[in-house]
Each structure stands twice: as structure tokens, then as C-alpha cells.
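Proteins come first, then strands; the chains are lettered A, B, ... in the order of their sequence lines, and each starts at number 1.
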Protein chains: 2
Amino acid sequence: MSDHLENIPELAVSRLLRYHHILMGMSQGDVVSSSDLSEKTGYTAAQIRRDLTYFGQFGTPGRGYTVDSLRNAIADVLGINRESNVLIMGVGRVGAALLHYESFEKHRFHVVAAVDVDPEKVGLEMGRFKVRSVEDLSDIVTEGDIRMAILCVPPAQAQTAVEQLVRAGIRAILNLTAMPVDVPDDVSVRPVNLAVELEWLAMAQSRRGGSRGEKAVPETGFNEKKKGGD
Amino acid sequence: MSDHLENIPELAVSRLLRYHHILMGMSQGDVVSSSDLSEKTGYTAAQIRRDLTYFGQFGTPGRGYTVDSLRNAIADVLGINRESNVLIMGVGRVGAALLHYESFEKHRFHVVAAVDVDPEKVGLEMGRFKVRSVEDLSDIVTEGDIRMAILCVPPAQAQTAVEQLVRAGIRAILNLTAMPVDVPDDVSVRPVNLAVELEWLAMAQSRRGGSRGEKAVPETGFNEKKKGGD
DNA sequence: ATCCGGTTGTGAAACACATCACAATTAAAT
DNA sequence: ATTTAATTGTGATGTGTTTCACAACCGGAT
């Protein structure tokens with residue numbers, strides 16, 4: 001059983017992440033069928049079952065899947081079944097907001113440090129954190145066993161900040177600045193740009209206006225029915 | 001020329017949005033070739049050319065595409081070639097941060113109002129806005145010709161807030177709460193969940209750790225090479 | 001005028017992915 | 001035990017998407 005992530009179709013991987021997320025919101029003991037998941041996701045039941053066969057067999061015919069074990073199996077194959085420490089780079093309005101964000105913990109991400117260049121901000125108490133200086137970055141990263149960072153600096157400083165992060169040992173960066181950044185091949189960046197997200201909505205809007213009613217905006221950019229997802 | 005959005009493959013649409021975004025960051029007069037775009041996006045040059053053929057012909061052989069006209073053609077077919085007014089629902093830490101966010105304007109999104117339920121917050125001056133009461137929502141939406149909203153209320157209030165928005169006439173909602181919401185079929189929701197974005201990074205991490213070096217995290221969840229996105 | 005490097009646009013082939021439809025399996029009821 | 005209703009897992013099939021490879025084209029140099 002249990003093929004590896006490489007052999008699973010890209011599109012299936014994005015759905016698996018979605019299933020995982022939904023399963024997290026269900027009570028562990030429950031049983032869920034492919035058609036239950038179908039309703040919640042908008043994907044067909046057959047597709048969901050097929051997605052799962054890519055890496056094993058988890059269901060019992062006639063009943064379905066137990067939430068707990070299925071969620072666990074997916075997390076295993078996706079490689080997200082572990083804790084991660086996270087650092088917040090830049091405690092402007094956005095960074096400060098994230099320091100109070102609570103849903104990271106549910107997903108086993110632990111925000112363990114906040115860093116800024118501005119001497120005015122270094123030393124301030126924000127939420128349960130004391131803001132630390134970017135000069136101590138390497139130490140902070142090492143001591144805290146941190147590999148991921150959320151980048152919330154002003155766009156103009158994005159590239160500089162990224163280089164500091166990489167030098168300090170960070171391997172994965174969630175880029176919330178509106179600025180694209182370059183990184184070495186062995187570092188991952190995931191950009192989140194709210195303006196682009198609004199473009200998706202604008203597209204959906206014009207689609208409706210232009211013709212008859214149509215599907216809602218897909219989560220990843222692909223097939224799916226309605227219902228907001230988080 | 002110029003087929004309509006319905007006939008363009010879903011996956012191509014998501015790439016087109018990406019091209020559009022990149023072209024926005026280039027000087028209007030310049031000429032860009034499919035291989036230039038290939039470098040910037042990680043998609044193959046052939047695929048980029050193919051994507052464009054779905055709705056017309058814009059290039060000149062031997063030279064490439066003029067940034068301005070290509071960007072415009074893409075915006076037209078995607079239906080995002082117009083201004084949109086946007087409302088911010090909930091001015092907690094996140095909502096307040098967005099009131100100062102500047103890159104919306106570049107994408108022709110105009111934040112024109114901020115609304116909250118909390119009487120303590122109503123009337124406050126934030127950025128260039130005076131926070132208004134959720135009770136005036138319908139009026140605000142009508143007067144401001146607003147069809148899109150960014151939802152930044154606490155998760156527990158998400159569904160209620162969405163219902164208020166829909167009743168007031170909002171047709172598209174960017175959901176920044178970590179809570180899935182239900183909407184009527186004629187309303188679009190686009191969820192943005194930072195914890196899920198971190199999961200993507202965690203996946204990429206474990207992929208590297210598990211074997212040899214590999215691709216960076218794709219923007220939409222699919223093929224692409226390296227380089228941070230915006 | 002002609003050549004030449006560079007690039008587009010696109011049939012055709014290859015590939016990836018989704019859907020269909022059903023045998024195999026199970027838990028529960030009788 | 002046997003039946004029943006439900007649901008999984010998967011060959012086979014069909015559709016959608018990407019890649020390949022190259023003719024047609026353009027602008028500039030000679």
C-alpha cells in the first residue's frame with residue numbers, strides 16, 4: 001500500500017488537501033462515505049474514491065471511511081502529518097493581525113516568533129510575543145527549530161527580507177506581500193495575493209452577467225459546485 | 001476571433017489570470033515572447049502559445065506579443081477589464097489592515113466602505129474611512145454601487161455576516177475567515193485560508209526531505225518550476 | 001531583393017485525468 | 001444462515017490537456 005506523492009496526479013493532490021481539510025472539521029469517530037464527501041466538495045463520489053486508490057484502500061464497503069483513519073492516511077501521504085514551527089517576518093498591520101490568528105494551531109502550525117527590522121518595533125509586546133530583531137534571525141530560527149516563515153513586510157522590502165530568511169535557514173515562505181520574490185531552488189514560496197483572489201471573483205461575476213447562472217468560483221481554480229469553503 | 005470564457009479549458013483560465021498578472025508588472029510598450037513568459041511562469045512556451053489560441057491571435061512571428069495589447073486581450077476575455085467597488089465587512093485586526101492595503105487600486109478594485117457590527121467601532125476613523133454600521137448595509141451597497149465584499153469577521157459570525165451581505169445585494173465574497181459559508185447559487189465565494197496555504201508549503205517540504213530536490217510549490221496547485229510568485 | 005535568426009500558431013500524437021458501470025464486499029436485519 | 005441495502009475499489013472507456021514538431025511568417029541585415 002501507500003504509493004508516494006510523486007505518483008499521484010497533481011490534480012488529485014489538490015483535492016486530497018481539500019478532503020483532509022474537511023475531515024479535520026468532522027468528529028473523529030464518525031464514518032463518512034464518498035457520497036458524503038461528494039456533497040461537501042462538489043466532486044463526484046467516483047472521483048473521490050479514485051483519488052484514494054492512488055495510495056491505498058481505507059474504506060469498508062457498505063459503510064464508508066472512518067474519519068480519523070482516512071484523515072490520517074491522507075495526511076501521511078501528503079506529508080503534512082507533523083508539527084511545524086512558523087515565524088512571522090514583519091509586524092506591520094498584517095503581521096500583527098496574524099500574531100492573533102488562532103486557526104493555525106488546529107492545523108499543527110505553531111507561530112513561535114515575530115521579527116521586524118524597525119528598531120521602534122523590536123522589543124514590543126504583541127499578543128503573546130515579544131518582537132525580536134531581524135539581526136537575531138539565525139539564532140531565532142535555529143533555537144526555535146523553524147523552517148517556515150510568513151512574509152508580511154512592505155512590498156519594497158520583500159526581496160531583501162526573503163534573502164535574510166533564506167540565509168537564516170528558512171526553507172518555505174508564505175508570501176503575503178504583493179511582490180514576487182526570487183529564491184534558490186531548494187526553497188519553496190507560496191504567494192497569496194488578495195488582489196488576484198478578487199480577480200477570480202470578478203471573473204465569476206462577469207460570467208454570470210454575460211450569460212445564464214453558472215457555477216460558483218472554484219477553490220483551486222477548477223471543477224467544484226457551490227458552498228463556500230474556508 | 002475572441003471565443004468566450006466558457007469554451008476555454010479551466011486550467012488555461014487559471015494560467016491566463018497568471019499571465020495577466022505578470023503583464024501588469026511590465027512596461028506597456030514592451031514586447032514579450034512566449035519564451036519570456038515561460039521563464040517567468042515556469043509553464044512551457046508551447047503551452048502559453050496554445051493558451052492564447054483559445055481566444056484569438058495576438059502575436060507577430062519573429063517578435064512576440066506587445067505587452068499592452070496582450071494584457072488587454074486577456075483581461076477582456078476573462079471579463080476583468082473593468083473597475084469594481086469593494087466593501088470590507090468587519091474591521092478587526094485583519095479588516096483594519098486591509099483598509100490600508102494599497103495594491104487593490106492597481107488591479108482596479110476600489111475599497112469604498114468599511115462596515116462592522118460592533119457599536120464601539122462604528123463611527124471610528126480608520127485610514128481614509130469612517131466605519132459604518134451593518135444596519136446601513138443595504139444603503140451603503142446601493143449608494144456605492146458595490147457588488148463585492150471582503151469578509152473579515154470572526155469565524156463564529158461568518159455565516160450571519162454572509163447572509164447580511166447577500167441580502168444587501170452583494171454578489172461576490174472573498175472569505176478570509178477560516179469558516180466555510182453557504183451562499184445562494186447566484187453568489188460567488190472565494191475562500192482564502194492561510195492555514196491551508198501553509199499546508200501546501202508543508203507538503204513541498206516533506207517532498208524535498210523525502211527524496212531528491214524537486215519543484216517549488218505551484219501557485220494554483222499545479223505544474224510550474226521555481227521563482228516566487230507575487 | 002534575398003537571406004536569416006527568431007517567433008508564432010497549430011495539426012497530430014501523446015499523455016493525464018475523469019467518468020462509467022459493476023463485481024466484490026460488508027454490516028445489519030431477519 | 002440468508003437476505004438486503006449500501007458502499008467500496010477498479011477495469012474499461014472517454015474526454016480533456018499538454019507536448020511535439022514544423023510550416024508560415026516577420027523584421028532587420030546585407
Side-chain angles (χ1 to χ4, degrees), chain A residues 1-3 5-19 23 29-67 69-70 73-74 77 215 218 220-225, chain B residues 1-3 5-16 18-19 29-67 69-70 73-74 77 215 218 220-225:
Chain A
M1 72 176 97
S2 204
D3 268 80
L5 198 44
E6 280 76 31
N7 329 339
I8 302 176
E10 298 261 23
L11 288 161
V13 170
S14 86
R15 286 190 298 270
L16 286 169
L17 194 47
R18 183 99 190 279
Y19 308 150
L23 292 167
D30 278 9
V31 172
V32 65
S33 71
S34 57
S35 54
D36 292 339
L37 284 173
S38 174
E39 271 181 41
K40 294 199 195 251
T41 59
Y43 304 127
T44 69
Q47 173 151 71
I48 291 168
R49 292 200 300 277
R50 168 72 71 198
D51 285 342
L52 300 179
T53 64
Y54 289 127
F55 60 100
Q57 303 179 186
F58 315 99
T60 58
R63 282 188 70 62
Y65 309 86
T66 72
V67 168
S69 78
L70 182 58
I74 293 176
V77 74
K215 297 187 300 184
T220 53
F222 310 92
N223 46 332
E224 161 169 290
K225 267 193 332 220
Chain B
M1 73 176 94
S2 204
D3 270 80
L5 196 45
E6 281 75 32
N7 328 340
I8 302 176
E10 298 261 23
L11 287 160
V13 169
S14 87
R15 286 189 298 268
L16 286 169
R18 182 98 191 277
Y19 308 150
D30 278 9
V31 171
V32 64
S33 71
S34 58
S35 53
D36 291 341
L37 284 174
S38 173
E39 272 181 39
K40 295 199 193 249
T41 58
Y43 304 127
T44 70
Q47 174 153 71
I48 291 168
R49 293 200 299 280
R50 169 71 72 199
D51 285 343
L52 301 180
T53 64
Y54 289 127
F55 60 100
Q57 302 180 186
F58 314 98
T60 58
R63 283 189 67 66
Y65 309 87
T66 70
V67 168
S69 78
L70 182 58
I74 293 176
V77 76
K215 298 186 299 185
T220 53
F222 311 94
N223 44 335
E224 158 172 291
K225 268 195 331 224

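Between the NZ atom of K40(A) and the CD1 atom of I48(A) there is a distance of 11.5 Å, given to the nearest 0.5 Å. Expressed to the nearest 0.5 Å, how far CD of Q47(B) lies from CG of L11(B) amounts to 8.5 Å. In this structure, CZ on R15(B) lies 11.5 Å from CD1 on I74(B), to the nearest 0.5 angstrom. In this structure, OH in Y43(B) is found 8.5 Å from CG in D51(B), a value given to the nearest 0.5 Å.
Under the side chain to side chain donor-acceptor pair (under 3.5 Å) criterion, T60(B) pairs with no residue at all, not counting sequence neighbours. Under the side chain to side chain donor-acceptor pair (under 3.5 Å) criterion, T66(B) pairs with S69(B), sequence neighbours left out. A search for side chain to side chain donor-acceptor pair (under 3.5 Å) contacts involving S35(B) returns S33(B), not counting sequence neighbours. With sequence neighbours excluded, the residues that form a side chain to side chain contact (heavy atoms under 4.5 Å, CB included) with R50(B) are T53(B), Y54(B).
For the pair E6(B) CD and dG16(D) P, the interatomic distance rounds to 15 Å; values are reported in whole Å. With rounding to whole Å, I8(A) atom CD1 is found 11 Å from dC17(C) atom P. Between the P atom of dC17(C) and the CG atom of L52(A) lies a distance of 16 Å, rounded to the nearest Å. Rounded to a whole Å, the CG atom of L70(B) is 12 Å from the C1' atom of dT8(C). Computed from coordinates, the I48(A) CD1 to dC17(C) C1' distance equals 15 Å when rounded to whole Å. Nucleotide dT17(D) holds its C1' atom 10 Å from the CG atom of D51(B), rounded to whole Å. One atom, CG of L16(A), and another, P of dC17(C), lie 12 Å apart when rounded to the nearest Å. One atom, CD of Q47(A), and another, P of dT8(D), lie 15 Å apart when rounded to the nearest Å.
Each end of the helix from dA1(C)-dT30(D) to dT30(C)-dA1(D) gets its own axis from five base pairs, and the two axes differ in direction by 10°, given to 10 degrees.
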Under 4.0 Å protein heavy-atom contact, by nucleotide of nucleotides 22-30 of chain D - B base, S sugar-phosphate only: ---BSS---

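In this model, no side-chain donor or acceptor of R50(B) finds a partner on the base of dT17(D) within 3.5 Å.
A close approach under 4.0 Å does not occur between any side-chain nitrogen or oxygen of T53(A) and OP1 or OP2 of dG9(D). Side-chain N/O atoms of Y65(A) include one lying less than 4.0 angstrom from OP1 or OP2 on dG9(D). An OP1 or OP2 oxygen of dT10(C) is reached within less than 4.0 angstrom by a side-chain nitrogen or oxygen of Q57(B). OP1 or OP2 of dT8(C) has at least one side-chain nitrogen or oxygen of S34(B) nearer than 4.0 Å.
Within the nucleic acid shown, S35(A) has no heavy atom closer than 4.0 Å to any nucleic acid atom.
Between the side chains of R18(B) and T41(B), no donor N or O sits under 3.5 Å from an acceptor N or O.
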